[in-house]
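Residue numbers begin at 1 in each chain, while the letters A, B, ... track the order of the sequences.
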2 protein chains.
Amino acid sequence: MGASKTDEYSQQQISLAAMFKALGHPARVAIIQFILKAESCICGDIVNELPLSQPTVSQHLKELKSAGIIQGNVEGNAICYCLNDKTVKLLKDYFGSLIDQIQLKNSNCC
Amino acid sequence: MGASKTDEYSQQQISLAAMFKALGHPARVAIIQFILKAESCICGDIVNELPLSQPTVSQHLKELKSAGIIQGNVEGNAICYCLNDKTVKLLKDYFGSLIDQIQLKNSNCC
DNA sequence: TTTCTATATTGCAATATTACGATATTATTT
DNA sequence: AAATAATATCGTAATATTGCAATATAGAAA
């Protein structure tokens, strides 16, 4: 009869997946890197940096924002996008805990 | 004239995005967690644990594997899937470096 | 060699993502 | 109040993902 199926996914699973999904496109990884590299984090020129149109970049920014990876700040006419350090820390800790769990069970069949 | 567009994405950006994309689905996050939780890492019963058909689980496993998140080991009739600790460490370090970079530039406009 | 068990592949329908031109919005400057 | 500049939204075409039933494959057991 086997184990019973979990009817759905946990909230943590859903929310983690949403963050990873947001990061799962080269353009969005590039946006993250550009935000970190840029002198100030006034980031309207992401559009100039990426090989994509303005609407497309705007859409990618929206996805990063709604997943909580970045935050936007209205700065006069422009908008300043920055990384959400709380989310980044959460993700770092998540992978840290995975490593801990891997090391705990040293029944390594692979 | 503004900055010139990067013609394409870097290999690092593409490869990071592929790993995140592989993790960007609740079923695949659940698979990771199950592999870690399970007594041994003989994992045919992932199918019994998840609310998905066997072909669908197999497909998710394939995606995780080809992104280098997990590895599969033939074990007689069954296959044992385990996390690739090298990849997990790489991702942990990636977020660690993001945090470092955030802290370096304390010109926080957000 | 036949049967059984575990996993993978194929084919396909439903849905989601990606990208962009056109247009809307909002704040600034004139 | 225009005109300008920066960003967002809409509509839509092309493509990719998700999920499953049906089927294939490969090893173990009989």
Under 4.0 angstrom between A:Tyr81 side-chain N/O and D:dA8 OP1 or OP2 = yes
Euclidean distance, atom CD1 of residue B:Ile79 to atom P of C:dT5 [Å, nearest integer] | 18 Å
Identify the heavy atoms of B:Ser53 and B:Thr56 that sit nearest to each other, and give their distance.
-> OG-OG1, 3.0 Å
Minimal non-hydrogen separation, A:Ile35 against A:Leu83, with atom names | CG2-N, 4.1 Å
For B:Asn77 and C:dA6, what is the distance between atoms CG and P respectively, to the nearest whole Å?
-> 7 Å
Whole Å only: how far is the CZ atom of B:Phe20 from the C1' atom of C:dT17?
-> 19 Å
Can you check whether A:Gly68's main-chain N or O pairs, donor with acceptor, with A:Thr87's side chain at less than 3.5 Å?
-> yes
Using side-chain contact (heavy atoms from CB on, under 4.5 Å) as the criterion, list what pairs up with A:Ile99, not counting sequence neighbours.
-> A:Gln103, B:Val88, B:Lys89, B:Lys92
Close N/O contacts between protein and nucleotides 17-24 of chain D (under 3.5 Å):
unit_1 : atom_1 : unit_2  : atom_2 : d
D:dT17 : OP1    : B:Lys21 : NZ     : 2.5
D:dT18 : OP1    : B:Arg28 : NH2    : 3.4
D:dT18 : OP2    : B:Arg28 : NH1    : 3.2
D:dT18 : OP2    : B:Glu63 : OE1    : 3.2
D:dG19 : OP2    : B:His25 : NE2    : 3.4
D:dG19 : OP2    : B:His60 : NE2    : 2.7
D:dG19 : N7     : B:Gln59 : NE2    : 3.4
D:dC20 : OP2    : B:Ser53 : N      : 2.9
D:dC20 : OP2    : B:Ser53 : OG     : 3.3
D:dC20 : OP2    : B:Thr56 : OG1    : 3.2

Relative to each other, are the rings of B:Phe20 and A:Phe20 parallel, tilted or perpendicular (30° and 60° limits)?
-> parallel
Integer-rounded Å distance: D:dA26 C1' and B:Asn73 CG | 16 Å
Atom CG of B:Leu64 and atom P of C:dA8: how far apart are they, to the nearest Å?
-> 12 Å
For A:Lys62 and C:dA19, give me the distance from atom NZ to atom P, rounded to whole Å.
-> 16 Å
Quick one: side-chain contact (heavy atoms from CB on, under 4.5 Å) partners of B:Lys65, sequence neighbours excluded?
-> B:Ile70, B:Tyr81
Within this structure, what is the CD1-to-P distance between A:Ile31 and C:dA19, rounded to whole angstrom?
-> 10 Å
